[in-house]
Amino acid sequence: VKMVSQEILSIQSLVLQMAPVDVVFSEIIQLFGWPSLNCQNLLIQNCLNVFINDDQKLMEEDISDNSFVAIMRKYPPSQVWLKYLMKKLEKNIESYDQDIDRQTDVFSDSFVNLLVHLHSCPTDVDDCSFISYRSMVGSDICTMRILRSHNHVGTKVWEAGLFLSELLTFANIEYEEKNIIELGAGVGITGILFMKSMMATLSSNIPKSYIMTDYDDFVLENLQNNIQLNFGDNQYCTSSGTSLINNGSCSCIVGQHMDWSIVNEEYTSGFNVDILVAADCTYSEDLNSYLIQTIELFLQSSHRQRHYFKDNAKDIGMESGRPARLSAASLPFAMIACTIRNPLTYADFLHKLEESNSLEWSDETKWALTCVPNRFYYYENRDNIHLVCISLKMN
């Protein structure tokens, strides 16, 4: 069995996530022995080898379907991103050699081969690339297709989506028989990482259903592609009723169209939601009103359907010290993760929540950080992410 150092595993994880180039670069140049030829070969073969040429055939038994190398080659990261990283590494290696008259090569063959390969690639084919994450539980790798240069906000990965996936996984909530709807799911990062992690626990504690919704047809097509990519043709719920089976429990995962501006009581009556979630959806004052209205209609509809009352609610199993807003007595409820980029837009969202006659809310960021004290995935702006929890006012 080939052993890989912890440093290499850390770089692999950053490469899969397409972390900022400067972050990956800093990790690489700290490798023991850098930039020796052996160290360059180790890096390329284990972290950056996204192609196979004629003289570089690997035995099938060396690459499992879910291995890092297999994922990188089948679902490669952005070529622009990789070119930028290799350019920085090339300059770094040259800097070691600028004052020394060497008789040997300073670049390994594998390093040169990758440079040649990247330089030969067209520069205008990078609209579609892939980003991958190791599951928080188990060894699965989750892969999402993203479109970094596209104008749609729903085709990129946002920080609060990763934070929310971590929180949902580690908050010790009882999800069995619960229905979750995600608003503005985008590429599906929150739901896919969360559901993959819950499945890996091999317990019955997975939601009865997880519905990821978005408005734009282009975004929705990409979202459905990512669901299929991670759960397979026979494992995610479609209109035909195909469901994912895990340790005897049945859960359905689906991507669905939703337009907040036309959501009404008749529309929400077709759902029975226990938990609403959303991440980085409060970026527009114009959309904030529609978002809050949608949350209000869903919570009201589900409350009427399921008759949740404080005196007969079943505890949903959150750890002691849980926020009252997230207790079973408050079901159904919403958890909204927001990265504060524009304080005025966020303030507008909270102001409109305050104006609601039927909703009450609380900032549960402090509680969320106790559940996830350290980030599992790489993302920036963690200090600017807030968690707002919303429930119905109970008279």
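Hydrogens, waters and symmetry mates are skipped; everything else that's a heavy atom, side chains included, is used.
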Checking side-chain polar atoms at under 3.5 Å, does [X] have a donor or acceptor matched by the opposite partner on [Y]?
X: Asn222; Y: Thr155; answer: no
X: Ser269; Y: Glu265; answer: no
X: Gln40; Y: Trp34; answer: no
X: Asp286; Y: Ser284; answer: no
X: Tyr84; Y: Gln79; answer: no
X: Ser358; Y: Glu296; answer: yes
X: Asn226; Y: Arg145; answer: no
X: Ser36; Y: Asn38; answer: no

Report the distance from atom [atom1] of [X] to atom [atom2] of [Y], rounding to the nearest 0.5 Å.
X: Gln293; Y: Trp260; atom1: CD; atom2: CH2; result: 11.5 Å
X: Gln17; Y: Leu162; atom1: CD; atom2: CG; result: 7.5 Å
X: Leu276; Y: Ile295; atom1: CG; atom2: CD1; result: 6.5 Å
X: Asn230; Y: Met199; atom1: CG; atom2: CE; result: 10.0 Å
X: Arg134; Y: Ser139; atom1: CZ; atom2: OG; result: 9.5 Å
X: Ile181; Y: Thr213; atom1: CD1; atom2: OG1; result: 7.0 Å

**Item:** Steps toward side-chain contact (heavy atoms from CB on, under 4.5 Å) verdict (Glu166, Phe194)
**Value:** CA-CA 7 Å; Glu166 296 171 340; Phe194 165 62; over 6 Å; no
**Asked** Within 45 degrees of the axis of the six-membered ring of Tyr210 and under 6.0 Å from its centre: does Lys178 put its NZ or CZ there?
**Response**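 No, Lys178 and Tyr210 do not form such a contact.
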Between [X] and [Y], what is the shortest heavy-atom contact and its length?
X: Leu37; Y: Ser108; value: CD2-N, 3.5 Å
X: Cys47; Y: Ile11; value: SG-CG2, 3.7 Å
X: Leu297; Y: Val263; value: CD1-O, 3.3 Å
X: Val106; Y: Ile93; value: O-CG2, 3.5 Å
X: Ser209; Y: Asn179; value: OG-OD1, 2.8 Å
X: Ile227; Y: Gly255; value: CD1-N, 3.4 Å

Mind checking whether [X] and [Y] have side chains closer than 4.5 Å, heavy atoms only?
X: Leu85; Y: Ile28; answer: yes
X: Ile71; Y: Phe130; answer: no
X: Ile253; Y: Ile192; answer: no
X: Met212; Y: Val254; answer: no
X: Met335; Y: Leu168; answer: yes
X: Met18; Y: Ser78; answer: yes
X: Trp81; Y: Pro20; answer: no
X: Trp361; Y: Glu354; answer: yes

[atom1] of [X]: more than 12 outside heavy atoms within 6.0 angstrom?
X: Asp22; atom1: CG; result: yes
X: Glu355; atom1: CD; result: yes
X: Asn342; atom1: CG; result: yes

**Request:** Please identify each residue that fulfils side-chain hydrogen bond (donor to acceptor under 3.5 Å, both in side chains) with Asn288, with sequence neighbours left out.
**Result:**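 Result, side-chain hydrogen bond (donor to acceptor under 3.5 Å, both in side chains) vs Asn288: Asp348.
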For [X], enumerate each residue passing the ring-ring contact (aromatic ring centres under 6.0 Å, His included) test, keeping only those at least two apart in sequence or located in another chain.
X: Tyr378; answer: none
X: Tyr133; answer: Tyr377
X: Phe111; answer: Phe107
X: His257; answer: Tyr215

**Request:** Sort out for me which residue in Val372, Thr169, Thr201 forms a side chain to side chain contact (heavy atoms under 4.5 Å, CB included) with Met136.
**Result:**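 Only one option passes, and that is Thr169.
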**Prompt:** Under a 4.0 Å N-O cut-off, is there an ion pair linking Glu90 with Lys83?
**Reply:**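 A salt bridge is absent here (no side-chain N lies under 4.0 Å from a carboxylate O).
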So, the side chain of [X] versus the backbone of [Y]: is there a donor-acceptor pair under 3.5 Å, distance only?
X: Glu364; Y: Leu387; answer: no
X: Asp214; Y: Leu223; answer: no
X: Asn381; Y: Asn384; answer: no
X: Thr190; Y: Gly161; answer: yes

**Prompt:** Any ring pair (Phe, Tyr, Trp, His ring centres under 6.0 Å) pairs touching residues 281-300, not counting sequence neighbours?
**Reply:**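 Checked against ring pair (Phe, Tyr, Trp, His ring centres under 6.0 Å) - neighbours excluded - the pairs reaching residues 281-300 are Phe271-Phe298.
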**In one Ile/Leu/Val/Met/Phe/Trp/Tyr side-chain cluster, 4.5 Å: Ile262, Tyr267** =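 Each belongs to a different hydrophobic cluster.
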